[in-house]
Colleague: 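Structure below; questions to follow.
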Amino acid sequence: MSHSILITGANGQLGTVLTQALQLKYGLENVIASDLHPSKSYEGIFEVLDVTNVERLEQVILQYEVKQIYHLAAILSANGEKNPLRTWEVNMKALLNVLEASRINHVDKVFYPSSIAVFGESAPQTNTPNDSLLDPVTSYGLSKAAGENWGKYYFHKYGLDVRSLRYPGIIGHQSNPGGGTTDYAVEIFHKAVKQQPFTCFLDEETTLPMIFMDDAVRATLELMEAPRENIKIRTSYNIAGISFSPAQVVDSIREKYPEFKVEYAPDYRQDIASKWPKSILDKEAHRDWSWKPRYSLSKITKTMIDKLENKYAMYN
Ligand code: NAD
Ligand code: AKB
């Protein structure tokens, strides 16, 4: 095996789908999925790997002659606030291990997912530009903002080709979210299709940037395939999908399920969401590597409902 691709945090919401996309593109034998615990959901190669353990990380890199790393492992915003110091420790240690092990062991390219969580109250809340001041309000956001700069540092100092996207909240039917502030926008579809009431942890008017899984995965592959000289932003690119509030997604779901019942019980996640952007501008991503989202809210709703109806019908 040579020139293989390692994915950390592959059991997560994004990793589950991105791993399959990479396997399809590069072949099962060239993709190494990894996470803290074994997974039964992959065909192909899987390694148990805690990225905070640099010796184990290097062992996997050398064993498979890894040339690209998609470093997805992280603790997300809402879970992260339950133990802020541990979130910082895990997220930063894991990233610095990936960067340093990549430099030493001749990995060519690293993908680092950032987030809209890097923005706080200093950035314009609507149409937030790529180069807005970053003053994150969560430990997770602090780690992502610092991580973006470490990626840029490794690029300029060592020539390591680190590329990054600031994802909005990702919505997909294939996997469940892992403890973020945008998770409601996935759970709500599951409840609607199961014809159960939904209690939303954000208030009905809280608008946030979101992106459909297919768009998020395509953006990642397009960014990583773009010619090196096209990548002008070495911190991270904003990518926009669409923006909506809980009330808007409920209206969209009620076109199919008019009886769908929703209550609002905002909790600590409301404080996080209230300080994040409502919408972001992504003209640099469009300019540098032709990024364009394809999924509107109505297309997301239709796809989520169709896919989840099929999934739950299979269980019955
Ligand atoms: P997730 O929480 O669903 O999955 C994260 C995975 O990382 C989990 O499977 C977990 O077991 C693993 N992990 C945690 N600590 C680890 C460690 N020390 N070593 C190895 N694995 C470890 O997250 P996700 O939604 O799939 O997100 C993937 C990446 O994308 C994260 O970096 C996240 O910050 C970023 N992101 C996600 C979203 C989103 O809406 N899903 C939005 C913005 C950014
Ligand atoms: C979260 O809510 O923490 C993630 C994100 C937007 O980074 N979905």
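One-based numbering, in listed order, for ligands and for the atoms of each.
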Colleague: Looking only at side chains, do Thr87 and Ser139 share a donor and an acceptor under 3.5 Å apart?
Modeller: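 Their side chains do not contain a donor-acceptor pair, so the 3.5 Å distance test is not met.
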Colleague: Do any N/O atoms on Tyr140 end up under 3.5 angstrom from N/O atoms on ligand 1?
Modeller: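 Such a contact does occur with ligand 1.
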Colleague: Please give me the minimum heavy-atom distance between Lys191 and Pro197, naming the atom from each residue.
Modeller: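 For Lys191 and Pro197, the tightest heavy-atom pair comes out as CD-O, 3.6 Å.
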Colleague: So, is Asp35 polar-close to ligand 1, with some N/O to N/O distance under 3.5 Å?
Modeller: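 Yes; the residue has a nitrogen or oxygen that sits under 3.5 Å from a nitrogen or oxygen of the ligand.
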Colleague: Between the side chains of Lys25 and Glu225, is the shortest nitrogen-to-carboxylate-oxygen separation below 4.0 Å, so that they form an ion pair?
Modeller: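 Looking at Glu225 and Lys25, the cut-off is met.
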Colleague: Check whether any heavy atom of Ala10 sits under 4.0 Å from an atom of ligand 1.
Modeller: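 Judged by the 4.0 Å heavy-atom criterion, Ala10 does not count as contacting ligand 1.
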Colleague: Using 30° and 60° as the class limits, which term best fits the ring planes of His71 and Tyr112: parallel, tilted or perpendicular?
Modeller: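 Aromatic pair His71/Tyr112 classed parallel.
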Colleague: So, is Gly169 polar-close to ligand 1, with some N/O to N/O distance under 3.5 Å?
Modeller: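 Such a contact does not occur with ligand 1.
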Colleague: Nearest non-hydrogen contact with atom 4 (C) of ligand 2 belongs to which option: Val186, Ile116, Leu76?
Modeller: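 Comparing heavy atoms across Val186, Ile116, Leu76, the nearest one to atom 4 (C) of ligand 2 lies in Leu76.
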Colleague: Say whether Thr181 and Ser77, considering side chains only, have a donor N or O and an acceptor N or O under 3.5 Å apart.
Modeller: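 Short answer, yes.
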Colleague: Going by side chain to side chain contact (heavy atoms under 4.5 Å, CB included), Ser236 matches just one of Lys152, Lys144, Glu148. Which one?
Modeller: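 The single option meeting the side chain to side chain contact (heavy atoms under 4.5 Å, CB included) with Ser236 is Glu148.
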Colleague: For atom 1 (C) of ligand 2, which protein heavy atom lies nearest, and how many Å away is it?
Modeller: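 Ranking protein heavy atoms by distance from atom 1 (C) of ligand 2, first comes Ser77 OG, 3.2 Å.
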Colleague: Would you say the ring centroid of Tyr237 lies under 6.0 angstrom from that of Trp289?
Modeller: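 Aromatic pair counts; centres sit under 6.0 Å.
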Colleague: Which of the numbered atoms in ligand 2 are below 4.0 angstrom from a heavy atom of Ser115?
Modeller: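 Once the distances to Ser115 are compared, the set is 5 (C), 6 (C), 7 (O).
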Colleague: Evaluating non-hydrogen atoms only, which member of Leu208, Thr181, Ile75 is closest to atom 2 (O) of ligand 2?
Modeller: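 Going through Leu208, Thr181, Ile75 one by one, Thr181 has the nearest heavy atom to atom 2 (O) of ligand 2.
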Colleague: Looking only at distances, please establish whether an N/O atom of ligand 1 is found under 3.5 Å from an N/O atom of Leu14.
Modeller: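 The answer is yes, given that Leu14 and ligand 1 share an N or O pair closer than 3.5 Å.
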Colleague: Determine, for Tyr295 and Lys299, whether the Lys NZ or Arg CZ falls below 6.0 Å from the six-membered ring centre while staying within 45 degrees of the axis.
Modeller: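 Judged by the rule, Lys299 and Tyr295 form a cation-pi pair.
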Colleague: I need the nearest protein heavy-atom contact for atom 42 (C) of ligand 1: residue, atom name and distance, please.
Modeller: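 Checking every protein heavy atom, the shortest distance to atom 42 (C) of ligand 1 gives Pro168 O, 3.3 Å.
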Colleague: Could you tell me whether Lys144 and ligand 1 have an N or O pair separated by under 3.5 Å?
Modeller: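 Yes, Lys144 has an N/O under 3.5 Å of an N/O on ligand 1.
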Colleague: How does Trp276 reach ligand 2, by side chain, by backbone, by both or by neither, if only non-hydrogen atoms under 4.0 Å count?
Modeller: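 The answer is the side chain.
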Colleague: If I apply the N/O under 3.5 Å rule, does Thr182 come out as touching ligand 2?
Modeller: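 Yes, there is a polar N/O contact under 3.5 Å.
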Colleague: Please identify each residue that fulfils side-chain contact (heavy atoms from CB on, under 4.5 Å) with Glu43, with sequence neighbours left out.
Modeller: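 Applying side-chain contact (heavy atoms from CB on, under 4.5 Å) to Glu43 gives Leu28.
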Colleague: What atoms in ligand 2 come closer than 4.0 Å to a heavy atom of Tyr140?
Modeller: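 Near Tyr140, the atoms of ligand 2 are 3 (O), 5 (C), 7 (O).
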